[in-house]
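Read through the structure below, which is laid out as structure tokens, and then see the notes.
All residue numbers refer to positions in the sequence shown, counting from 1. Computed from a prediction, not measured in an experiment: that's the story for all the values here. Any value given below was found using the heavy atoms of this structure, including those in side chains, with hydrogens, waters and symmetry copies removed.
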Amino acid sequence: STLPMNGLTARLALDTLGLPPGSVLAVTGAAGAMGGYAVQLAAAEGLTVVADAAEKDRDLVSGLGADVVLPRGEEFADRVRERFPDGVDGVVDGAMLHDAVAPAVREGGTVVTIRGYDEPGDRGVRFQPILVAHYARERQKLETLRQQAEDGTVSLRVAEALPAEQAPEAHRRLEAGGVRGRLVLTF
């Protein structure tokens, strides 16, 4: 139950970018569910992954397969440019930094956004919103993700399984933030 929405969103983001192996991808929100899947899938596909993380999540994000882990926040783009002076080939913007992450991208590159952000960018940088519903009937994509979860390419990252009666507590914990992985309700 933790795989379809976030896993398919990450898959759609990478498919939208269409970067060949050896390309450099930046991922914001890398400690989150969708961002974590994007890191794992990109690493498995031979992309160099530069990701953001809070200090407490550095080891997690590195363990997911990020080649470079930089502090998260508004300065992420500047830090990316320090490592990759020409910019990265694309960004999966799970943290919704939008314009703040655009300077990390090479001229003419693409920032994939997950909540509909679609503004004109500078230097030919394009913002490309995606919606997981576009992959809702892509059974083979989901089947491939299932297989990748079984073989360890992606991890499901369940934070905790709670009985359905504890749904209000699960909501409180999600609203408070800081949950790493998914809270799963069991019925």
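- Tracing side-chain contacts under 4.5 Å through hydrophobic residues (I, L, V, M, F, W, Y), one never reaches Val88 starting from Leu17; they form parts of separate clusters.
- Leu97 CG to Thr28 OG1: the interatomic distance, rounded to the nearest 0.5 Å, is 4.5 Å.
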Hey, mind stepping through His171 and Leu183 against side-chain contact (heavy atoms from CB on, under 4.5 Å) and telling me if it holds? CA-CA 9 Å; His171 280 282; Leu183 296 173; over 6 Å; no
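- For the pair His98 and Val111, the minimum side-chain heavy-atom distance is 4.5 Å or more.
- For the salt bridge (charged side-chain N to carboxylate O under 4.0 Å, His left out) test, no residue two or more places apart in sequence or in another chain qualifies with Glu138.
- Heavy-atom contacts from other residues, nucleotides or ligands closer than 6.0 Å to CG of Asp122 number 12 or fewer.
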The test is side-chain contact (heavy atoms from CB on, under 4.5 Å); show your working for Lys141 and Leu12 and say whether it passes. CA-CA 9 Å; Lys141 303 279 186 189; Leu12 176 57; over 6 Å; no
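- Contact check on Arg172 versus Glu175 returns no salt bridge, with no Lys/Arg side-chain nitrogen under 4.0 Å from an Asp/Glu carboxylate oxygen.
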Applying side-chain contact (heavy atoms from CB on, under 4.5 Å), run through Val92 and Leu25 and close with a yes or a no. CA-CA 8 Å; Val92 175; Leu25 172 73; 3.9 Å; yes
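- Listed by chain and residue number, nothing satisfies the salt bridge (charged side-chain N to carboxylate O under 4.0 Å, His left out) test with Glu165 (two or more places apart in sequence, or in another chain).
- Considering only heavy atoms from C-beta on, Arg173 comes within 4.5 Å of Glu160 through its side chain.
- For the atom pair CG (Leu131) and OG1 (Thr113), the distance works out to 10.5 Å, reported to the nearest 0.5 Å.
- In this structure, the separation between CG on Leu14 and CG on Leu47 is 7.0 Å, given to the nearest 0.5 Å.
- Taking each heavy atom of Pro163 and Thr186 in turn, the nearest pair found is CA-OG1, 3.5 Å.
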For residues 31-43, which side-chain N or O atoms pair as donor and acceptor with protein atoms under 3.5 Å away, sequence neighbours left out?
unit_1	atom_1	unit_2	atom_2	d
Gln40	OE1	Ser155	N	3.1
Gln40	NE2	Ser155	OG	3.1

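- Looking only at distances, a side-chain donor or acceptor of Asp89 sits under 3.5 Å from a matching main-chain atom of Val24.
- Val179 and Leu156 fall into different hydrophobic clusters, where Ile, Leu, Val, Met, Phe, Trp and Tyr residues are linked whenever their side-chain heavy atoms come under 4.5 Å apart, directly or through other members.
- Side-chain atoms of Thr9 do not come within 3.5 Å of backbone N or O of Val132 as any donor-acceptor pair.
- Although no hydrogens or angles enter the test, the distance criterion places no donor-acceptor pair under 3.5 Å between the side chain of Ser23 and the main chain of Leu19.
- Side-chain atoms of Asp93 come within 3.5 Å of backbone atoms of Met96 as a donor-acceptor pair (strictly under, hydrogens ignored).
- With Asp52 contributing its side chain and Leu70 its backbone, the two residues share no donor-acceptor pair below 3.5 Å.
- Residues passing the side-chain contact (heavy atoms from CB on, under 4.5 Å) test with Asp99, sequence neighbours excluded: Tyr117, Phe127.
- Taking the charged nitrogens against the carboxylate oxygens, Glu143 and Arg139 have no contact shorter than 4.0 Å, which rules out a salt bridge.
- For the 3.5 Å distance criterion, the side chains of Thr144 and Gln148 fail to qualify, holding no donor opposite an acceptor.
- Cluster membership for Ile130 and Leu3, using ILVMFWY side-chain heavy atoms within less than 4.5 angstrom, is shared.
- Considering CG of Leu142 and CD of Gln147, their distance stands at 12.0 Å, rounded to 0.5 Å.
- Considering only residues two or more places apart in sequence or on other chains, Asp86 meets the salt bridge (charged side-chain N to carboxylate O under 4.0 Å, His left out) condition with none of them.
- Linking Ile, Leu, Val, Met, Phe, Trp and Tyr whenever their side-chain heavy atoms come within less than 4.5 Å puts Leu64 and Val112 in one cluster.
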Cut-off 3.5 Å, no hydrogens considered: what does the side-chain donor-acceptor table look like for residues 72-82, sequence neighbours left out?
unit_1	atom_1	unit_2	atom_2	d
Arg81	NE	Pro103	O	2.8
Arg81	NH1	Pro85	O	2.8
Arg81	NH2	Pro103	O	3.2
Arg81	NH2	Val105	O	3.0

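- Contact check for Thr2 versus Val158: side-chain heavy atoms found under the 4.5 Å cut-off.
- No continuous path of hydrophobic side-chain contacts links Ile114 to Val91 [ILVMFWY only; heavy atoms under 4.5 Å].
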